[in-house]
Amino acid sequence: MTRSRALDGIGTLARLGLAAVWITSGLLKAVDPAQTYVAVRAYDVLSRTAVGVVAGVLPWFELALGLLLLAGVGVRAVAVLSAGLLLVFLAGVTQAWVRGLSIDCGCFGGGGAVAPGQTQYVQEILRDVGFLALAAWLVVRPRTLFAAERRLVTSGLG
């Protein structure tokens, strides 16, 4: 196995792992829009109107990111968008922690107020940093195996 092929394999795992994150997160939010609204509202940084927009758009945006990554279309661009969204999530969790809010992030459904001893800010931040590392890998090296864009370029269509 060549070094390039091994790196392509690592990239493929990063792409499919991040796709699974976005698809799971998006689906869990999409099936319960009222709870998604509660989760976004719990961060206490947006107006009610903005909360409604974010809660309404976020699940579908996450699903779109996940499906594009799953197919391997626009990998670098989707990874950049993923990294940006993850940085927003990290900022949201961090500001909630610093402000002393007691919330569940709602990252994978649910969310909202929790008892002060039930927050999991450190775990949520570390998890999102891990997801950010996957996105960073794909920004730097978007070439992966079984990607639709790779087949399009190879066939001369891309």
Side-chain angles (χ1 to χ4, degrees), residues 1-33 35-37 39-40 42-43 45-46 50-98 103-111 119-158:
M1 179 182 276
T2 67
R3 181 176 188 271
S4 179
R5 186 87 170 157
L7 293 175
D8 290 354
I10 293 168
T12 303
L13 293 174
R15 177 173 60 87
L16 296 176
L18 197 54
V21 166
W22 290 134
I23 290 169
T24 302
S25 177
L27 281 174
L28 290 171
K29 289 180 180 98
V31 299
D32 194 353
Q35 186 60 48
T36 301
Y37 181 92
V40 174
Y43 285 89
V45 293
L46 300 172
V51 168
V53 171
V54 169
V57 171
L58 184 59
W60 307 108
F61 185 63
E62 290 177 344
L63 282 168
L65 293 174
L67 292 173
L68 287 168
L69 285 169
L70 184 63
V73 175
V75 173
R76 178 175 277 140
V78 175
V80 168
L81 291 171
S82 294
L85 186 56
L86 286 162
L87 288 171
V88 169
F89 289 168
L90 283 163
V93 170
T94 301
Q95 71 80 32
W97 189 12
V98 168
I103 64 171
D104 174 300
C105 73
C107 301
F108 291 93
T119 59
Q120 296 183 351
Y121 295 128
V122 173
Q123 298 93 319
E124 292 165 353
I125 289 169
L126 291 174
R127 181 199 58 220
D128 284 356
V129 167
F131 297 157
L132 186 58
L134 297 177
W137 177 280
L138 294 170
V139 169
V140 172
R141 194 172 193 292
R143 183 179 158 143
T144 64
L145 304 172
F146 316 112
E149 72 183 19
R150 191 169 174 182
R151 280 182 254 151
L152 293 173
V153 170
T154 303
S155 68
L157 297 174

Show the atom names and distances, to 0.1 Å, of all donor-acceptor pairs under 3.5 Å that link a side chain in residues 9-29 to residues at least two apart or in another chain.
unit_1	atom_1	unit_2	atom_2	d
T12	OG1	D8	O	2.7
T12	OG1	L145	N	2.6
R15	NE	T144	OG1	2.8
R15	NH1	L69	O	2.7
R15	NH1	L70	O	3.0
R15	NH2	L145	O	2.6
W22	NE1	S82	OG	2.9
T24	OG1	A20	O	2.8
S25	OG	K29	NZ	2.6
S25	OG	E62	OE1	2.8
S25	OG	E62	OE2	3.4
S25	OG	C107	O	2.7
K29	NZ	E62	OE1	3.0
K29	NZ	E62	OE2	3.0
K29	NZ	C107	O	2.8

Just so I know, are the side chains of [X] and [Y] near enough to count as touching, which here means a heavy-atom distance under 4.5 Å?
X    : Y    : answer
V54  : F61  : no
Y43  : V93  : yes
W137 : L134 : no

If you take all heavy atoms of [X] and [Y], which pair is closest and at what distance?
X    : Y    : answer
A135 : A79  : O-CB, 3.5 Å
E124 : C105 : OE2-N, 3.4 Å
L46  : A50  : CB-CB, 3.9 Å
G109 : D104 : O-OD1, 4.5 Å
A147 : G72  : CB-O, 3.7 Å

Please tabulate, one pair per line, all N/O donor-acceptor pairs under 3.5 Å involving side-chain atoms of residues 83-92, not counting sequence neighbours.
none

**Asked** Would you find a donor on one side and an acceptor on the other, under 3.5 Å apart, between the side chain of E149 and the backbone of V75?
**Response** yes
